[in-house]
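The next block holds one structure in the form of structure tokens; read it before the comments.
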Amino acid sequence: MATTSQAKRATVYLDPMLHRALKIKALETSRSISDLINESVRHSLEEDRLDLAAFEERVAESVVSFEEVLKELKQHGRI
């Protein structure tokens, strides 16, 4: 977590209902809205990192089209 001297300031416009929910969660968890937003952004970026790693692991796999999958399902009586 960045200390106050390292933190960068940004203006973020939130949906009013999201802002309300964040304010309530911040109060109930004794955390700041900034802390909650930073945690959410970190979580989102970690998900992206994991997705990219999964794509990289599967780069050599053959690609199967949706149409091929449907034909296969039909051939096997699944649809």
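Here the structure is a predicted model, which means the values were calculated and not measured.
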Supply the members, apart from L45, of the Ile/Leu/Val/Met/Phe/Trp/Tyr cluster built from side-chain contacts under 4.5 Å; use none for a lone residue. V12, L14, L22, I33, L36, I37, V41
Should we count CD of E47 as having more than 12 external heavy atoms under 6.0 Å? yes
Pairs meeting criterion side-chain hydrogen bond (donor to acceptor under 3.5 Å, both in side chains) with involvement of residues 70-79, two or more places apart: none
Going by salt bridge (Lys or Arg N to Asp or Glu O under 4.0 Å), name the pairs with one or both residues in residues 11-29, residues two or more places apart or in two chains. none
Considering only Ile, Leu, Val, Met, Phe, Trp and Tyr, and joining two whenever side-chain heavy atoms are under 4.5 Å apart, list the other residues clustered with V63. none
Members sharing V69's hydrophobic cluster, built from side-chain contacts under 4.5 Å between Ile, Leu, Val, Met, Phe, Trp and Tyr, are V64, F66, L70, L73, I79
Between H43 and E39, a side-chain donor and acceptor under 3.5 Å: no
Name each donor-acceptor pair under 3.5 Å that joins a side chain in residues 53-62 to protein atoms two or more places apart or in another chain, with its distance.
| residue | atom | partner | partner atom | Å |
| --- | --- | --- | --- | --- |
| R58 | NE | E61 | OE1 | 3.1 |
| R58 | NE | E61 | OE2 | 3.2 |
| R58 | NH2 | E61 | OE1 | 3.0 |

Minimum heavy-atom distance S32-A26, with the two atoms named: C-CB, 4.1 Å
